[in-house]
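Notes to accompany the following structure.
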Amino acid sequence: MDGKHMQIGEVAARTELSLRTIRHYEETGLVTPSARSQGGFRLYTETDVARLMVIRRMKPLGFTLDQMRDLLDATDRLDADAALGAEEREALLERVRAYQREAAEQVEKLRVQLSRAEDFEVTLRARLEQDAHTAQG
């Protein structure tokens with residue numbers, strides 16, 4: 001265990017995820033609270049927060065819940081089992097590499113979209129400035 005436990009509200013604030021979203025990720029098996037308080041409140045650790053941050057970063061890139069689960073499984077196994085055979089370790093690393101490549105592709109697509117959006121905004125601003133000058137003159 002990695003020390004201090006946090007309740008779901010603190011985790012929500014730290015991850016910028018809603019309580020509902022965190023509970024949904026629990027229901028789908030992506031994250032499990034490390035413990036429960038005597039009163040039944042979910043308790044999370046820094047490891048749980050890190051896991052939620054991975055999920056939060058994958059979501060806007062279009063990864064599915066199954067893909068998130070697969071990546072988290074691969075990284076969990078890499079982190080937990082120092083006794084992995086070389087072949088199994090390489091297979092897990094290749095899964096992680098595949099997600100890294102897909103993330104890089106999605107980031108590039110988002111850069112193109114952002115560039116187009118910025119161009120559009122500049123065009124609209126120029127139009128408004130042109131109309132403002134015409135109205136003054």
Side-chain angles (χ1 to χ4, degrees):
M1 199 79 44
D2 40 49
K4 179 183 168 243
H5 284 92
M6 297 163 270
Q7 289 190 4
I8 194 169
E10 183 179 348
V11 173
R14 294 216 14 224
T15 60
E16 298 178 348
L17 295 169
S18 69
L19 301 177
R20 182 177 175 187
T21 297
I22 294 170
R23 288 184 190 114
H24 173 69
Y25 291 151
E26 180 184 350
E27 290 167 10
T28 59
L30 288 174
V31 68
T32 304
S34 290
R36 293 258 181 185
S37 70
Q38 289 183 345
F41 294 105
R42 296 167 174 85
L43 297 175
Y44 298 87
T45 62
E46 289 296 331
T47 300
D48 300 324
V49 170
R51 188 176 186 90
L52 284 164
M53 292 303 292
V54 168
I55 295 165
R56 193 188 91 182
R57 290 175 182 128
M58 290 180 81
K59 183 119 179 82
L61 297 177
F63 288 101
T64 66
L65 294 177
D66 285 339
Q67 288 173 312
M68 293 174 191
R69 191 175 295 108
D70 182 56
L71 175 62
L72 290 166
D73 173 66
T75 57
D76 287 349
R77 289 173 56 198
L78 284 166
D79 291 344
D81 195 351
L84 285 173
E87 193 173 306
E88 185 177 4
R89 176 172 293 284
E90 186 52 40
L92 291 169
L93 288 170
E94 185 50 42
R95 279 168 55 190
V96 175
R97 283 185 203 104
Y99 285 108
Q100 184 276 323
R101 287 189 299 268
E102 189 169 343
E105 289 173 16
Q106 290 303 320
V107 166
E108 186 53 36
K109 288 178 185 176
L110 288 169
R111 281 191 179 113
V112 169
Q113 287 181 327
L114 178 59
S115 176
R116 289 176 182 160
E118 288 171 339
D119 289 346
F120 178 62
E121 187 274 332
V122 167
T123 300
L124 291 175
R125 188 174 347 125
R127 171 62 195 254
L128 291 170
E129 289 171 2
Q130 175 188 353
D131 284 352
H133 290 301
T134 302
Q136 290 177 358

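Bear in mind that the values here come from a model prediction, so they are computed numbers and not experimental data. Both backbone and side-chain heavy atoms feed into the values below; hydrogens, waters and symmetry mates do not.
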Are [X] and [Y] close enough for a salt bridge, meaning some N to O gap below 4.0 Å?
{"X": "D131", "Y": "R127", "answer": "yes"}
{"X": "R111", "Y": "E108", "answer": "yes"}
{"X": "R14", "Y": "E46", "answer": "yes"}
{"X": "R89", "Y": "E94", "answer": "no"}
{"X": "R125", "Y": "E121", "answer": "yes"}
{"X": "D48", "Y": "R51", "answer": "no"}
{"X": "R36", "Y": "E26", "answer": "yes"}

- Query: Taking the side chain as C-beta and beyond, is there a heavy-atom pair between I8 and F41 under 4.5 Å?
  - Reply: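 In short, these two side chains do not touch, never coming nearer than 4.5 Å.
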
- Quick one: does K4's side chain get under 4.5 Å of T45's, heavy atoms only?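 SC-SC contact between K4 and T45 ruled out.
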
- Message: Apply side chain to side chain contact (heavy atoms under 4.5 Å, CB included) to residues E105 and L61 and explain how you reach the verdict.
- Response: CA-CA 9 Å; E105 289 173 16; L61 297 177; over 6 Å; no

Could you give the distance from [atom1] ([X]) to [atom2] ([Y]), rounded to the nearest 0.5 Å?
{"X": "R77", "Y": "L72", "atom1": "CZ", "atom2": "CG", "value": "13.0 Å"}
{"X": "T134", "Y": "E129", "atom1": "OG1", "atom2": "CD", "value": "11.5 Å"}
{"X": "R42", "Y": "S34", "atom1": "CZ", "atom2": "OG", "value": "13.0 Å"}
{"X": "R95", "Y": "L78", "atom1": "CZ", "atom2": "CG", "value": "8.5 Å"}
{"X": "R23", "Y": "L17", "atom1": "CZ", "atom2": "CG", "value": "12.5 Å"}
{"X": "D119", "Y": "L114", "atom1": "CG", "atom2": "CG", "value": "9.5 Å"}

Say whether, by atom type as modelled, one donor and one acceptor occur between the side chain of [X] and the main chain of [Y] under 3.5 angstrom.
{"X": "E10", "Y": "Q7", "value": "no"}
{"X": "R69", "Y": "T28", "value": "yes"}
{"X": "R56", "Y": "T15", "value": "yes"}

- L124: hydrophobic cluster co-members (side-chain, 4.5 Å):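 Reading the cluster by chain and number, L124 sits alongside F120.
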
- Look at atom CD of E87 and say whether more than 12 heavy atoms of other residues, nucleotides or ligands are closer to it than 6.0 Å.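 Result for CD/E87: open.
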
Are [X] and [Y] connected, step by step, through hydrophobic side chains (Ile, Leu, Val, Met, Phe, Trp, Tyr) whose heavy atoms are closer than 4.5 Å?
{"X": "V112", "Y": "V122", "result": "no"}
{"X": "L110", "Y": "I55", "result": "yes"}
{"X": "L30", "Y": "Y44", "result": "yes"}
{"X": "Y25", "Y": "L43", "result": "no"}

- List the atom of S18, the atom of A12, and the distance in Å for their closest heavy-atom pair.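 Of all heavy-atom pairs spanning S18 and A12, the closest is C-CB, 4.5 Å.
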
- Message: Evaluate M58 against E102 for side chain to side chain contact (heavy atoms under 4.5 Å, CB included), listing each step before the verdict.
- Response: CA-CA 10 Å; M58 290 180 81; E102 189 169 343; over 6 Å; no

